[in-house]
Amino acid sequence: MTDSSPRSSAPADETAATKQGIKIVGFLCNWCSYGGADTAGVCRFKQPTDLRVVRIPCTGRMDPLFIAKSLIYGVDGVLVSGCHPRDCHYAVGNFYARRRMEAFKAFLPFMGIDTQRFKYTWVSASEGQQWQKVVTEFSEQIHRLGPNPGVRLRSGDNSKVSSGLR
Amino acid sequence: MERTNTLSIQQSRDSDFIREVEEASGQNLSKCYQCGNCMASCVYTFAYDYPVTQIMRLIQLGQKDTVLKSSAIWLCANCQACTTRCPNNIDVAQVMETLRIMSRKEHTVSLPDIQAFYDEFLRSVKTFGRVFETGLLPVYNMRAKKPFTDLDLAPRLLMKGKLTFFPAMVKQRKKIAEIFEVIKRDRFSKEGKARPEPLSSQPDI
Amino acid sequence: MKRVAYYKGCSLEGLAAEYDRSTRMVCEAFGIELVEIPDWNCCGSTPAHSYDPLLSAALAGRNLAIAADNGCDMVMSPCPGCLKSLKGAQETCEDPAQRKAFVDLVGRDVDGLKTVSLLQLLYEEVGPQALQKAVRRPLTGHVLVPYYGCLLTRPAEKAKFDDPENPISMDRLIEATGATVPRDFPYKTECCGATYGVTRNDFVGKLSGRILDMSQGLGAEAIVVACPLCQQNLDMRQDQINKYSKSAFHLPVPYISQVIGLALGIEPKVLGLDKLCVPADILLEDRSGEDGQARQPGGVAAG
Amino acid sequence: MLENDRNQLHKLVEEALPELDMMIGWAESCDPLQTTPVFIRDAKSISKLTLGPFCSQNLAGYLVKPPALDAPPKPDAKPIGICVKGCDSRSLVALIQEKFITRDRVRIFGIPCRGTVDFRKVAQRVPLANVKSATMEGDSLVIDDSGTPLRLDLEEVLARKCLGCRYPNPVIQDVVIGQEAKPRSSSLAATYRDVAAMDAKPLEERLAFWQSELDRCIRCYACRNACPLCVCQDRCIVETREPRWLTQRVGIPEKFLFHFIHAMHLAGRCTGCGECERVCPMDIPVTLIKEKLNKIMEEMLGYSAGLDPEAVPPLLTFNPGETEI
Amino acid sequence: MRIGVFVCNCGTNIAGTVDTAKVASEALAFADVVYATNYMYTCSEPGQQEIQRAIGEYGLQGVVVAACSPRMHEPTFRRAVEKAGLNKYMFEMANIREHVSWIGNDREANTRKAVDLVRMAVGKLRFNQPLFSSKMPVNKRLLVIGGGVAGIQAALDCADGGVDVVMVERKQYIGGKMAQLDKTFPTIDCSSCILGPKMVDVSQKENITLYAASEIESISGYIGNFTVEIRKKTTYVNWDACTGCGACMEKCPAKKAEDYFNEGLGTARAINIPFPQAIPKKAVIDAQFCRQLNGKKCGVCAKICPVKAIDFEMKDTIVTEKVGAIIAATGYDLFDHSVYGEYGAGRLPDVITGIQYERILSASGPYGGHIRRPSDGKEPTEIVFISCVGSRDQSVGRPYCSGVCCMYIAKQAILTRDHLPESNSYVFYMDIRAPGKNYDEFVRRAQEEYGVQYIRGRVGKIYQRGDRMVVQGADTLLGVQVEVEADLVVLATGVESSSGAGELAEKLRISYDQYGFYMESHPKLRPVETNTAGVYLAGACQGPKDIPSSVAQGSAAASKVQSLFAHDMIETNPQVALVNERNCIACGKCIQVCPFGAIQWKELRGGIKKAEVLPSVCQGCGVCNATCPPKAVQLQHATDNQILAEVNELCA
């Protein structure tokens, strides 16, 4: 096995996860959902603490590979949120994003990554309550799934699975 | 029920009641802003002790006793006018139905004759599987101590051949009675009550 | 041939036997096969629901289950009260929280069935155009008021048929028979007094009284109904109403199925027209000779 | 029959060559089971051209790889002649659609294809070193390994991508050589049989499968280099520092991310020619990854790449109305 | 890079649930961080000075502030670091207030999260580059969309200030809803008397170009430099020639055209000038009713027109205008009450809307200012007003208060009493919303001096009984059902967004709420600005408003425009896409997806093509960046490396 990362031993993984909590990365568009998250904060709508927000200008900026990168490298969940369709600050950015993320969502499980670890949604700057709901539900969903096993091979698990294709 | 013109809100407030009504009816009653449309639309308003708008208000204030003892909830015919026109999409008729069920359970039915009629009706269903109209009325009249109700109709109905003298019976009557029994059992086991209460002062159905 | 399960309900076995008869005749005339649900039981009506909604759902649901077991996908009930119970049973069955309890009591799920009233069946499966073509004995010249009652179209989300405030399906069917319908009868869906005929006679006097009054004011010769309870209140209790409101109404109250049956040329007796308390012989007058002109209905809303 | 087709090809190329800058085709190689690409400029070499079940390479890529990519064609440049099978033609359409090549710059010699041989499947039956020659006889591949000639049913040794082929006949061509071929599949189900089989497995098994397969990946980038639509070449983000998507670290996550990048960059573009899988030295079924995305594109957005040069690839456009895609 | 981290306590707003000292001490351990501290109020003057001091003292090259939302104070801190000599883009914020301290009480988890967010900000900062704005000239012309009172006010204010104004109005006249009103509350002054002179001003100002009967076709460009295509709709009358003499109207034989100005009460001619004071006073042919245009022989207007202005062959034309700022003042529409089956669903002729009643009251209206009912022309004596029809009603999707109905009902009831002293007016209401200056006094006067009967309750049903209508409602104060027999019922239909508001918003690239009202930048502090620079709002397009508020917003928007136009040049936003030519493979996908046409081909020597971003056109959405296969085009300040750095910090 070529993988020599420190996370390759399973028990250490889990203690770390329990101690550090779950990590969810949120890619939020600056105009709507980042504002929605701010609104939720201003209104003191309590939310789970697992989410870490990356501010992006528009969901149109979202290359699905950012999601792939996050999930492959062990982030436990990825939440992308932007303006409601037709409300995009850049008119059409979220329309592009919707197709790309929808296709990516369908693709993820094929590679063995649980599609439930990724969610995209639309929340406007005024929808603080909706944001609270989205974060709470998604965080609960990720907690149910537990820490992301990632794609690294676990030590001692070198059994080859036959491809059966040839 | 006797109306009082003073109300000590905290003393008579039952906040569980608000929650129970909301849960059982599936309606959010804090949406009601007292526009009065239900009262305006209800054709039975003339007969109510509390018009339906006020029933909604009383629930908001948690006035369980007043609500469950009101005659209004038993005079509501469930005609859906209030539900159809409520600007806040509250299913008012469903709330009234919920209150009827609750008042039954709490033994606070203010109009025993209506309950007696309902009970007689259900007894007929439980016994025959169907309602035996001709048989139902005299029994109800006796129980409600209004022996002459609808007696005036009898001759004409007889002439038109509309009165039947033998109840139509469902073959699987046992199955129907079983449904009644299961419901009764679950209903009271859920409430954690020791003994099923009779439906009214009359023998149990 | 359209095959529809038929849930007639207790009233149609007793006081509303003519509704049952005329319903069967009319459906047969239009090639709709009514399959009476074998060994059907009472839906429990309001008393069951106000005792425990699950009782109501189970009683009504048993009938649906039998219908489904017999391979029917549509159930028709001419009684709006019964229909409400049937739809309530389906709602209970669809509710994830109650589904298990329901299926345990009834033996199967019933949410796949379509449940309709007689009016909806005639309006959607036959339709005014087909009816108009089938008319043998047009009711031209007769002014008839359609009275739908409170439950047939309400609440709109559950009934999923016609308009809750101003339904028009029965208007269109009556017009198809050649009769005239006054515009915008305002009490189309106002309650007639419902089950209070027995317990609160005066309610019926007041509520059904104003329906009779408004109808007469609009020049109606008869009030057409699609509910056995409405019919009892307006027809059987018309004398009681007259006594209560010191009036002298004499308005026949036929069922929609009887009116359509007459127009199709079915014998009045076969339709049970003679069973109505207020005789409806006036409907048998042939006015088609009078230039096809309706007697002008009264009131400003006419036309 | 093959002989006739080859003669026809030679004749047509001979006629066309004076008007062409060059002719790209296949020629026999030292390996009886594989041909080699050949670039013909003078008539003497035309006889090298061959066709048949060993012509597995997709030649379309040669039209767009550097230096062709950086140097725009001169206005007076002659067109390039190219031999394409059904699948290769779709790559050509995709390249025309993305404006990497213009239609009038290519003279397309369409070759209806009855499937190409995967030499690795043959190797499972007979050591490759022993194979002296291989010829087609009807639907059989006859291998001469100095013993009794070994007869293999063509279906047994076809490349995986050929088994569910819907487009054996070129979808774009100027001339056609030989007779129309019958598609092996007409349904999504048949084409994506392997994808469906994979989808049917539990999530954990799928992960284990890819972990084990991709563990072998040596990131040689042969798959990328062979892909006719991987037009970035040395600017590919798996190798750049600006931006730096991947490090040189040898780990499963890096391998996963590399294949995700390859797949996502081909989403809505991949025509399923199978070159990536054919060239993989580690025997990893990498085309399968793209097949899944192709299936998603067809089912979700109703789009198959490489059929219509006028179409817009689905991820480069949108439809405001598609609330639930 | 030498990085300084400043963790804000924000009083107890952050420090209450986050251990800010611990966040600072952990941050100090991050690579490149040479200074970290926590501070009571970092945004305060001394707080900013502390940052500036540290930049000097520790030679900081980048600064991270962990505090509130960057949407709040990013500009503040950028200015602060700029003053200390750093490029303002060498700054990052970690939002540990709205996203941390205010949404959870678990101090330990909050602190952990704050540390993560700071680590991500530091990670991103390492990849930040100094960015520089450029200057662009401002085209000092203004486009006003909508010629109602708000738009008129904005146009006149700007025109007075010397700004060239282009006004586009989709109707054939300006004045909007106010032109249809008889009187205005709470002063009862005549609507056309106060609006008329302003309308005339618009037509007479030399620096206002008016396009009536025109709509916005497309808008491109950006603040300081918009290009607008305006569709001049077919009127079949050459307005350059038309003098508004009205001869055509008099002779037009098609008399059954719909009278839109009078809200369908009465009829109009197919060729029409809707009212005598109309601006512009030009005729328009209604193609639906014109005989000539429906294949019948006519052409009377063409024969009668003294200036030969009639042109049956006319087609829409598109004109292009270039402007530097845009004010949207598209106004509102009134709720269609036909969804209320219980109020007759529009079938009862004597159930009318408030705006119809305005026309009835108006001396220039269909009945010459005499109150009559539409069905039979009789003078009504019993008049019922019903408020909240299509307002505060969830069941019809209009849960908001329209804000003006209470007042206009009071006004109409007062005017009714003035016109018909013997009449009785009843107002069914739920609450009386009269918060303006002299408003509540006005409503009280209706009740106290004019004897208007206010009944607290909604109406359940209206139906015809004989010659009158029965209004069946509730008096919730008494707890009784009430019936009023009415000759005329006036429904106070609510305010809804103007039809087509959403389509226009998409052209303007501004947001609108679920009801179609345009979103302001900040509900309190930026009420007439939008999130799209250079686009401003005035009047009811932003939400229901009465005349004084609409006028005030018109002036407010005008002042915003004039402060923009006070500059000859504006700074561009440097957070735009940039092509790394070495990596560009000239696939053209960025050009294909750019929503703004901001990327074009550029030819290098030897005919090699590369993509090139026009920084002044680019809005910075990053779709190109997400699309580019070799990632040659990078959105500055949100580059792949910057986003990846944030993700990497989380994966570490």
Side-chain angles (χ1 to χ4, degrees), chain B residues 43-44 46-47 75 77-81 83-85 91 93 97 100-101 104 111 113-114 117-122 124-125 128-134 136-137 140-141 144 149-150 152-153 156-157 160-164 168 170-173 175-176 178-180 182-184 186-187 199 205, chain C residues 9-11 13-18 38-55 58-59 62 84 101 104-106 149-151 154-157 159 164-165 189-191 193-203 206-207 236-237 239-240 243 274-277:
Chain B
V43 292
Y44 296 93
F46 74 94
L75 293 174
N78 210 3
C79 80
Q80 310 289 333
T83 296
T84 303
R85 294 179 195 152
D91 190 341
E97 181 80 326
R100 282 191 285 277
I101 297 167
R104 262 200 112 122
L111 301 174
D113 64 322
I114 290 182
F117 177 67
Y118 284 5
D119 288 352
E120 223 35 73
F121 186 99
L122 289 179
S124 178
V125 176
F128 307 118
R130 295 183 193 169
V131 171
F132 178 39
E133 287 168 327
T134 320
L136 176 58
L137 195 64
Y140 162 75
N141 284 353
T149 305
D150 283 347
D152 52 331
L153 299 175
R156 175 179 274 168
L157 294 177
K160 295 270 178 192
K162 282 198 162 190
L163 292 184
T164 45
V170 172
K171 282 191 224 117
Q172 292 190 323
R173 286 190 298 282
K175 169 80 188 149
I176 308 290
E178 222 176 272
I179 290 178
F180 274 84
V182 172
I183 299 274
K184 200 158 56 166
D186 291 356
R187 182 176 161 89
L199 286 175
I205 54 167
Chain C
C10 306
S11 285
E13 202 168 53
L15 292 170
E18 65 272 29
D39 202 36
W40 59 269
N41 61 276
C42 173
C43 71
S45 191
T46 317
H49 200 272
S50 67
Y51 177 72
D52 191 316
L54 191 57
L55 175 64
L59 289 174
R62 178 179 171 268
K84 179 169 179 273
D104 284 351
L105 280 167
V106 170
C150 58
L151 282 183
R154 299 196 304 203
E157 300 76 45
E165 293 287 355
T189 58
E190 297 282 301
C191 185
T195 49
Y196 294 114
V198 180
T199 52
R200 293 289 185 280
N201 220 293
D202 51 327
F203 288 14
K206 191 177 166 78
L207 300 178
M236 184 178 88
R237 297 184 187 278
D239 283 348
Q240 291 177 347
K243 203 183 285 171
D274 57 323
K275 298 281 182 190
L276 301 178
C277 292

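The sequence lines fix the lettering, A, B, ..., with proteins before strands; numbering per chain opens at 1.
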For C/Leu15, is it the side chain, the backbone, both or neither that has a heavy atom under 4.5 Å from a heavy atom of chain B? both

I need the minimum non-hydrogen distance between C/Cys150 and B/Cys79, along with the two atoms involved. CB-O, 3.4 Å

Approximate separation, where rounding is to 0.5 Å, of C/Asp52 CG and B/Ile183 CD1: 5.0 Å

Could you tell me which non-hydrogen atom of B/Phe180 sits nearest to which non-hydrogen atom of C/Leu55, and how far apart they are? CE2-CD2, 3.8 Å

Tell me whether the rings of B/Tyr44 and C/Phe203 are parallel (<30°), tilted (30 to 60°) or perpendicular (>60°). tilted

When you compare the side chain of B/Asn78 with that of C/Lys84, does any pair of heavy atoms fall below 4.5 Å? yes

Nearest heavy-atom contact between B/Arg104 and C/Pro47 is NH1-O, 4.3 Å

Side chain / backbone / both / neither for B/Ile101 at chain C, heavy atoms under 4.5 Å: both

B/Val182 versus chain C, heavy atoms under 4.5 Å apart: side chain, backbone, both or neither? side chain

May I ask you to test the C/Val106-B/Ile179 pair for a side-chain heavy-atom distance under 4.5 Å? no

So which of B/Arg173, B/Gln172, B/Lys175, B/Arg100 has the largest heavy-atom pair count under 4.5 angstrom toward chain C? B/Gln172

Heavy-atom pair with the smallest gap, counting every atom of C/Leu276 and B/Lys160: O-NZ, 2.8 Å

Under the side-chain contact (heavy atoms from CB on, under 4.5 Å) rule, what do C/Leu105 and B/Glu178 come out as? Steps first, then yes or no, please. CA-CA 9 Å; C/Leu105 280 167; B/Glu178 222 176 272; over 6 Å; no

Give the intermediate values and the outcome of salt bridge (Lys or Arg N to Asp or Glu O under 4.0 Å) for residues B/Arg156 and C/Asp239. CA-CA 11 Å; B/Arg156 175 179 274 168; C/Asp239 283 348; 3.5 Å; yes

Is it the backbone or the side chain of B/Phe46 that comes under 4.5 Å from a heavy atom of chain C, or both, or neither? side chain

Toward chain B, the part of C/Asn201 with a non-hydrogen atom under 4.5 Å: side chain

Closest approach of C/Cys42 and B/Arg130, non-hydrogen atoms and distance? CB-CA, 3.7 Å

For the side chain of C/Arg62 and the backbone of B/Ile176, is there at least one donor-acceptor N/O pair under 3.5 Å apart? no

Contact part of C/Ala17 toward chain B, heavy-atom cut-off under 4.5 Å: side chain, backbone, both or neither? neither

I want to check something: taking the side chain as every heavy atom from C-beta on, are C/Arg237 and B/Leu153 in contact at a cut-off of under 4.5 Å? yes

With a 4.5 Å cut-off on heavy-atom pairs, point out which of B/Leu111, B/Asp91, B/Asp113 contacts chain C the most. B/Asp113

B/Arg85 and C/Arg154, any side-chain heavy atoms less than 4.5 Å apart: yes

Report which part of B/Val125 has an atom under 4.5 Å of a heavy atom belonging to chain C: side chain, backbone, both, or neither. side chain

Donor-acceptor pair, C/Asn41 side chain versus B/Gly129 backbone, under 3.5 Å? no

Part of B/Asp150 within contact of chain C (heavy atom distance under 4.5 Å): both

Which region of B/Leu75, side chain (C-beta onward) or backbone (N, CA, C, O), has a non-hydrogen atom less than 4.5 Å from a non-hydrogen atom of chain C, or is it both or neither? both

Do you know which of C/Glu190, C/Glu157, C/Glu18, C/Glu13 has the most heavy-atom pairs with chain B at a distance under 4.5 angstrom? C/Glu13

C/Thr46 vs B/Phe121, test: side-chain contact (heavy atoms from CB on, under 4.5 Å). Steps then yes/no. CA-CA 10 Å; C/Thr46 317; B/Phe121 186 99; over 6 Å; no

Student check: side-chain heavy atoms of B/Gln80 and C/Pro155 closer than 4.5 Å: yes

For the residue pair C/Tyr51 and B/Lys184, establish whether any side-chain heavy-atom pair is separated by less than 4.5 Å. yes

Is C/Ala48 close to chain B through its backbone or its side chain, or both, or neither, when contacts mean heavy atoms under 4.5 Å? both

Going from OG on C/Ser50 to CG on B/Leu122, what distance comes out if it is rounded to the nearest 0.5 angstrom? 7.5 Å

